[in-house]
Amino acid sequence: MIQIQFPDQSVRSFSKGITPIDIAKSISHGLAKKVLAAEIDGVLRDATIPLTQDCSLRLLTWDDENGKASFWHSSAHLMAEAIQAFYPQAKFTIGPPIENGFYYDVDFGDESFTADQIPAIEKKMMALAQQDNPFELYPMSKEEALAYYKERSNEYKIELIENLTDGEITFCRQGEFVDLCRGGHVPSTGYIKAIKLLNVAGAYWRGDEKNKQLTRIYGISFPQQKMLDEYLVMLEEAKKRDHRKLGQELGLFTFSQRVGKGLPLWLPKGADLRERLERFMRDAQKKAGYQQVVTPHIGSKSLYETSGHWDKYGKDSFQPIHTPEEDELFMLKPMNCPHHCEIFKAEPRSYKDLPLRLAEFGTVYRYEQSGELHGLTRVRGFTQDDAHIFCMASQVKEEFVKVIDLVLHVFKSLDFTDFTAQVSLRSKEDREKYIGSDENWDRAEREIQEAASERGLNTKVVYGEAAFYGPKLDFMVKDALGRSWQLGTIQVDYNLPERFELEYTGADNQKHRPVMIHRAPFGSMERFIAVLTEHCAGNFPVWLAPIQVAVLPISDKFNDYAKKVVELLKNNEIRTLFDDRSEKIGKKIRDSEVMKVPYMLIVGEKEEAQNQVAVRKHGSGDLGVMSTENMMSLVQNQIDEMLN
RNA sequence: GCCGGAGUAGCUCAGCUGGUAGAGCAGCUGAUUUGUAAUCAGCUGGUCGGGGGUUCGAGUCCCUUCUCCGGCUCCA
């Protein structure tokens, strides 16, 4: 007999060799049907493997993250089996589950895999699923495993096996397909009822550009057809929130091939929205003790030689600009910090001046790889809500906390709740590549984490993600399609003060080197607006909406009265659209609804007679009649609520 | 940059196996004077992303190039 401990801490005895699925059956048949896999002593395993010693057991269903993982991982095996049926020469590499679905990276050799093969693969997968073949996990010695893949000249699996320990290697067989696998499968292929292969992409072996590019096939699967249908509908819905689509529909921005790719053109409504956000940030920063500066869009090449950026990024940047003067070279600025360092140096600094906080909406230009460009989230010219804080090492923590507060204030004002904070620290091993003293690093790393936890941030600590010049804290947000983007960032920098030989005079009358903190709460205006647009599906909060109120006369007869209402609103700085077209009211309402205008004021005979307006709110309908003054305070209150 | 997909009117899209472009919306003009998500009619609008080729003939087939989309890699 062995003792099994369940998640509720209860312990029961079972005979040795019982499988998790049998245990599930002993509890209830309903449960047994739902069990996909199991966590044994916290490790994801197949539910069909015999238990031979005391352990803790958690039965996993679709509702568990790891349950889904086993399901999708099994689906990857199934896809590989289907692919193998069509491409016997294909070499399989890795096929993991991901957040939504799974993929498999395959080396098709000389053959190329294209998207039009997908339906055939899907069909084959369904056929294989219906065979309900069990996933059988069995051990292999390292020698046998290597021999198996040598015979099939699969250098990828060989490389994987070489890094594994003999005795811990297992293979998995389902139907005709055998794969190196540590496990975590559903009991049999029949569990998979609905499959959709989503796209084909190139992916480098082990994520390294120098390695061979493999074909990655992404898919998703479900235990019920209905769930797949719902998922696909959800994907369609998400696409409607795409900022690129909304940006066009709402007239926020555009791109022109002639201007150049990755160079957004802000249309009046988008520019207005952007300016409003800038003003909001400027005011918040003023209160937080920042001073605004302005620097040019270019800087001499030597500036970037000093900063070290030329060496590190020069060849992948926009190339230097020449002048009529020979040997005179300027760079489009890829960041604002070198300019700000020179501002720091413009006069002698005392410890009493610190922290010195220099802010600028600085437009920078980076030559991003063409395949990377993406709407407003990845562009080649963008404006950072940048600032550099020059402070003493002893002030880093306090400044960090203040920046976090600023970011949280901004996020709250925009109703941004779904974000995570990522703390990026040095890698635990390779410490050579980092600049700055261990002492400073240790302190900054500790203080960043303290600052984050003091402000109750939901943080994820990642080792090895720190920049070479300092640790950082990034705010990550997901877009409509679940892709993660970095917005706000706070970074400690020991490098630039060194390179620019920044100094201040301390209380001891000695020269000291300040620490620099780079920070940008929005990150970039472009990316922030992109994510904001998706976040609110184009329904911007009233304080940001390019048009806040549309005045819609029932007919031309009431244009004069409507015009008075419009004037009153405009005099009170409410952004107002006057729709005086000779269209029917239904059409005017529809057009304003489509443009996501927060409030519509309908005025006709009754309203004119009573000197009132009929208010309709976007998305929710008629709010009834009121005076224009009351309407304005309604709007004003809503704005105040968001901003205070 | 690499792998895969796609470019037809301002927007959304149709155009079968090659026979010299079509709809709805938008725009313009006119009529209509309207009560909470599309009034009617007429008109304008496209070297079918660019270039080259095959063909009697190319939106349709081939090559090349640009741009966009999905990923990979990178991101000071």
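A quick note: this is a predicted structure, and the numbers were derived from the prediction, not measured. Every heavy atom of this structure was used, including side-chain atoms; hydrogens, water molecules and symmetry mates were not. Chain letters run A, B, ... following the sequence lines, proteins first and then strands; every chain starts at 1.
- Taking atom CH2 on A/Trp205 and atom P on B/rG71, their separation rounds to 22 Å, with Å as the unit.
- Judged by distance alone, with hydrogens and angles left aside, A/Arg244 brings no side-chain donor or acceptor close enough to the base of B/rC68 to form a pair under 3.5 Å.
- Within the shown strands, nothing qualifies as a pairing partner of B/rG59 under the Watson-Crick or G-U definition with both distances less than 3.5 Å.
- For the P atoms, the distance linking B/rU60 with B/rU47 amounts to 16 Å, nearest Å.
- A residue-by-residue look at A/Arg527 and A/Lys245 shows that A/Lys245 has its nearest nucleotide of RNA chain B further toward the 5' end.
- Rounded to whole Å, the separation between the C1' atoms of B/rG70 and B/rC61 comes to 27 Å.
- Legend: salt bridge (charged side-chain N to carboxylate O under 4.0 Å, His left out) pairs involving residues 609-621 of chain A, not counting sequence neighbours, sorted by first then second residue: A/Glu593-A/Arg616.
- Taking atom CG of residue A/Leu373 and atom P of nucleotide B/rC68, one finds them 7 Å apart after rounding to whole Å.
- Taking the C1' atom of each, B/rC16 and B/rA31 are spaced 41 Å apart, rounded to whole Å.
- Regarding A/Lys315, its NZ atom lies at a distance of 12 Å from the C1' atom of B/rC74, rounded to whole Å.
- Rounding to whole angstrom units, CZ of residue A/Phe500 and C1' of B/rA76 are separated by 12 Å.
- Using atom C1' as the reference point in both B/rG1 and B/rG24, the two lie 41 Å apart (nearest Å).
- Across all strands shown, nothing is found opposite B/rC75 as a Watson-Crick or G-U wobble partner with both distances under 3.5 Å.
- Counting any heavy atom pair closer than 4.0 Å across all strands shown, A/Tyr469 reaches sugar-phosphate atoms only and no base atom.
- To the nearest whole angstrom, the two P atoms, one in B/rG59 and one in B/rA9, are 14 Å apart.
- Between A/Arg206 atom CZ and B/rC72 atom P there is a gap of 17 Å when expressed in whole angstrom units.
- Straight-line distance between the C1' atoms of B/rG30 and B/rU44: roughly 14 Å, to the nearest whole Å.
- Cation-pi geometry between A/Arg380 and A/Tyr367 is met: the NZ or CZ atom falls under 6.0 Å from the ring centre, inside 45° of the normal.
- Residues satisfying the salt bridge (Lys or Arg N to Asp or Glu O under 4.0 Å) test with A/Lys587, not counting sequence neighbours, are A/Asp591.
- Regarding A/Tyr365, its OH atom lies at a distance of 18 Å from the C1' atom of B/rC75, rounded to whole Å.
- Taking 4.5 Å as the limit, every side-chain heavy atom of A/Val613 sits out of range of all side-chain heavy atoms of A/Ile602.
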Per-nucleotide protein contact along nucleotides 27-40 of chain B, 5' to 3', at a 4.0 Å heavy-atom cut-off (B base, S sugar-phosphate only, - neither), is -----BBBBBBBB-
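- One distance of note links CG of A/Asp579 with OG of A/Ser582; it measures 10.0 Å at 0.5 Å rounding.
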Base-contact (B) and sugar-phosphate-only (S) positions in nucleotides 4-10 of chain B, heavy-atom cut-off under 4.0 Å, - elsewhere | SS-----
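- Taking the C1' atoms as reference points, B/rG27 lies 38 Å from B/rG4, given to the whole Å.
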Side-chain donor/acceptor pairs under 3.5 Å, residues 332-339 of chain A, sequence neighbours excluded:
| unit_1 | atom_1 | unit_2 | atom_2 | d |
| --- | --- | --- | --- | --- |
| A/Lys333 | NZ | A/Thr295 | OG1 | 2.6 |
| A/Lys333 | NZ | A/Pro296 | O | 3.1 |
| A/Lys333 | NZ | A/Asn336 | OD1 | 3.0 |
| A/Asn336 | ND2 | A/Gln384 | OE1 | 3.1 |
| A/Asn336 | ND2 | A/Asp386 | OD2 | 2.8 |
| A/His339 | NE2 | A/Ile298 | O | 3.2 |

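- Shown here for A/Val200 and A/Thr215, the closest heavy-atom pair between the two residues is CG1-CG2, 3.6 Å.
- A 3.5 Å limit on both hydrogen-bonding distances identifies B/rA31 as the Watson-Crick or G-U partner of B/rU39.
- Pair check for B/rG70 finds B/rC3; Watson-Crick or G-U wobble, both atom distances under 3.5 Å.
- Position along RNA chain B of the nearest nucleotide to A/Met335 versus A/Asn199 favours A/Asn199 as the more 5'-ward residue.
- The distance from atom CG of A/Asp316 to atom P of B/rG1 is 12 Å, rounded to the nearest whole Å.
- Both distances falling under 3.5 Å, in either a Watson-Crick or a G-U wobble arrangement, occur for no nucleotide opposite B/rG18.
- In this structure, the NE2 atom of A/His374 is 16 Å from the C1' atom of B/rU67, given to the nearest Å.
- A/Arg519 pairs by the salt bridge (Lys or Arg N to Asp or Glu O under 4.0 Å) definition with nothing, not counting sequence neighbours.
- A/Tyr204 contributes a side-chain N or O that forms a donor-acceptor pair with the base of B/rG1 under 3.5 Å.
- In this structure, A/Lys312 does not reach the B/rA76 phosphate: none of its side-chain N or O atoms is under 4.0 Å from OP1 or OP2.
- Looking at heavy-atom distances under 4.0 Å, A/Tyr218 makes contact with sugar-phosphate atoms alone, never a base.
- For A/Lys212, the salt bridge (Lys or Arg N to Asp or Glu O under 4.0 Å) test picks out A/Asp107, with sequence neighbours left out.
- In this structure B/rC11 sits in a base pair with B/rG24, meeting the Watson-Crick or G-U test at under 3.5 Å.
- Remark: A/Thr420 engages no residue in a side chain to side chain donor-acceptor pair (under 3.5 Å) (not counting sequence neighbours).
- Using a 4.5 Å cut-off on side-chain heavy atoms (C-beta onward), A/Tyr156 and A/Ile94 make no contact.
- Note on residues 484-500 of chain A: pairs passing salt bridge (charged side-chain N to carboxylate O under 4.0 Å, His left out), not counting sequence neighbours, are A/Glu498-A/Arg513.
- Within the 4.0 angstrom heavy-atom criterion, no nucleotide atom of any strand lies near A/His518.
- Going from the P atom of B/rG10 to that of B/rG50 covers 13 Å, rounded to whole Å.
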